[in-house]
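A short worksheet on the structure shown next.
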Amino acid sequence: MIEQDLVDFAVAAARRAGRITLDWYQMRGLSVTAKSDGSPVTEADYAAERFLRSEILTTYPDDTIRGEEEGEVAGRTGRTWVIDPIDGTKAFAQGVPLFATLLALIDDRGPAAGVVFLPALDECVWAGRGRGAYWDGEPCRVSERSDFEGSYICTSGLSYWPDHALQRVRAGGARVRTWGDAYGYALVATGRAEAMVDPECFDWDVAPMAVIIAEAGGRFSDTAGVDDWRSGSAVATNGILHDDLLGCFKSSGGSVA
């Protein structure tokens, strides 16, 4: 079980960082530049990450910090804080409220704490290993739907899906919605959707999700079924539908039960 002080720190820091981004949200003439990988970045991304780095260095100066925008600073405690200051920068730049500030803590046992804060919606979902998952301070759980038919499956974009996987999901009667990025995972953790799928993602996009989904009673893996948040893909479900959904991604023979 992770120490409660670490969870409390993560939640408070992520909330404060997320609120910083609102200074730029829906700003006319917001400057958006492209990074070397072609993804967008704004001054809000940099400001939120720098705030989180400062908070972590002040409180836990010997921990490692890994951020999307400014790389990694090595520590010596065996703990690593993973920062995505704005998950969904494209949405943020368009004035769409489904962006999030993400903060995760990884220790020698794996994901230990995770926070998803949606500043424009003022919603926060978080979890600490062994301490449960919470939505704005109240315990939250994944849905109990056991039928693929009528289930809500979220994704960050259909263009990332293999054609056969998307065809199988649709044939099974699931409702596919592009309520993507961190928002989709928040919906799964709080029982408002049955699954969230990212066939392609970076580790900082999903670092908080493994512990949040697990503590909410669901399951998190990559599209091959490996329980690893660093592999470049992610599937989060209520647990009941996980194997069926993974089956849709098999190159042959996959089907929905």
Side-chain angles (χ1 to χ4, degrees), residues 2-24 31-90 92-93 99-119 124-129 131 181-182 185 198 200-212 220 222 227-234:
I2 186 178
E3 295 91 339
Q4 187 62 48
D5 286 352
L6 287 165
V7 180
D8 293 343
F9 168 83
V11 174
R15 283 184 180 274
R16 291 177 64 191
R19 292 190 179 107
I20 288 171
T21 69
L22 294 177
D23 291 342
W24 287 268
S31 177
V32 182
T33 57
K35 296 186 287 188
S36 59
D37 63 1
S39 61
V41 66
T42 70
E43 185 55 38
D45 295 80
Y46 291 120
E49 181 164 324
R50 287 167 185 164
F51 170 81
L52 284 170
R53 286 176 177 273
S54 175
E55 290 293 290
I56 295 165
L57 283 170
T58 298
T59 310
Y60 302 106
D62 294 325
D63 287 359
T64 296
I65 303 174
R66 172 170 164 73
E68 177 180 2
E69 309 305 343
E70 298 188 355
E72 182 171 312
V73 175
R76 57 186 181 181
T77 64
R79 293 193 309 224
T80 299
W81 295 91
V82 182
I83 302 167
D84 189 345
I86 300 181
D87 181 63
T89 299
K90 291 178 183 177
F92 176 83
F99 64 93
T101 295
L102 308 182
L103 182 60
L105 177 63
I106 315 299
D107 63 15
D108 56 3
R109 295 185 58 192
V115 186
V116 173
F117 178 51
L118 298 138
C124 194
V125 178
W126 71 87
R129 188 178 59 224
R131 295 191 176 275
D181 301 316
Y185 295 98
D198 268 324
E200 296 179 13
C201 60
F202 292 104
D203 55 2
W204 50 73
D205 295 325
V206 295
M209 311 312 175
V211 65
I212 290 175
F220 178 92
D222 64 14
D227 297 337
D228 187 356
W229 57 276
R230 300 160 297 183
S231 66
S233 66

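From a predicted model like this one, the values you see are computed outputs, not experimental measurements. Residues: numbered from 1 along the sequence shown.
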So, for [X] and [Y], which heavy atoms are closest and what is the spacing to 0.1 Å?
X      : Y      : result
Cys124 : Arg15  : CB-NH2, 3.4 Å
Ala113 : Ile2   : CB-CD1, 3.8 Å
Ala182 : Ala100 : CB-CB, 3.7 Å
Pro208 : Leu102 : CG-CB, 3.9 Å
Leu52  : Ala17  : CG-CB, 3.6 Å
Thr101 : Pro85  : OG1-O, 2.9 Å

Side chains of [X] and [Y], heavy atoms from C-beta outward: is any pair under 4.5 Å?
X      : Y      : answer
Phe9   : Thr59  : yes
Arg53  : Val73  : yes
Phe99  : Asp181 : no
Phe117 : Arg19  : yes
Ile56  : Ile83  : yes
Met209 : Val116 : yes

* side-chain contact (heavy atoms from CB on, under 4.5 Å) between Thr21 and Phe92: does it pass, once the steps are laid out? -> CA-CA 9 Å; Thr21 69; Phe92 176 83; 4.1 Å; yes
* Should we count CZ of Arg16 as having more than 12 external heavy atoms under 6.0 Å? ->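 No, because the 6.0 Å sphere around CZ of Arg16 holds 12 heavy atoms or fewer from other groups.
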* To do: Give me the one residue out of Asp108, Asp63, Asp62 that meets side-chain hydrogen bond (donor to acceptor under 3.5 Å, both in side chains) with Thr77.
  => Asp63
* To do: Could you walk me through whether Val41 and Thr89 pass side-chain contact (heavy atoms from CB on, under 4.5 Å), step by step?
  => CA-CA 7 Å; Val41 66; Thr89 299; 5.6 Å; no
* Asked: Can Tyr60 and Leu6 be said to form a side-chain contact (heavy atoms from CB on, under 4.5 Å), step by step?
  -> CA-CA 10 Å; Tyr60 302 106; Leu6 287 165; 3.4 Å; yes
* **Check ion pair Asp203-Arg230 (N to O, under 4.0 angstrom)** =>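 No, this pair does not count.
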Given 3.5 Å as the limit, does a donor-acceptor pair link the side chain of [X] with the main chain of [Y], or not?
X     : Y     : result
Glu55 : Ala13 : no
Ser54 : Arg50 : no
Thr64 : Ala74 : no
Glu49 : Glu70 : yes

* Sequence neighbours excluded, which residues qualify as ring pair (Phe, Tyr, Trp, His ring centres under 6.0 Å) partners of Phe51? -> none
* **Side chains of Asp222 and Ser233, donor plus acceptor under 3.5 Å** => no
* Asp198 vs Asp205, side-chain contact (heavy atoms from CB on, under 4.5 Å): CA-CA, chis, key distance, verdict -> CA-CA 10 Å; Asp198 268 324; Asp205 295 325; 5.5 Å; no
* Taking side chain to side chain contact (heavy atoms under 4.5 Å, CB included) as the test, write out the residues that go with Asp37, two or more places apart. =>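 Scan of Asp37 (side chain to side chain contact (heavy atoms under 4.5 Å, CB included), adjacent residues dropped) gives Lys35, Ser39, Phe202.
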* Identify, with sequence neighbours excluded, every residue that meets side chain to side chain contact (heavy atoms under 4.5 Å, CB included) alongside Asp107. =>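 Expected list: Arg79, Arg109, Ala112, Arg129.
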Working to the nearest 0.5 angstrom, can you tell me the gap between [X] [atom1] and [Y] [atom2]?
X     : Y      : atom1 : atom2 : result
Asp45 : Ile86  : CG    : CD1   : 4.0 Å
Glu69 : Thr42  : CD    : OG1   : 8.0 Å
Thr80 : Leu105 : OG1   : CG    : 8.0 Å

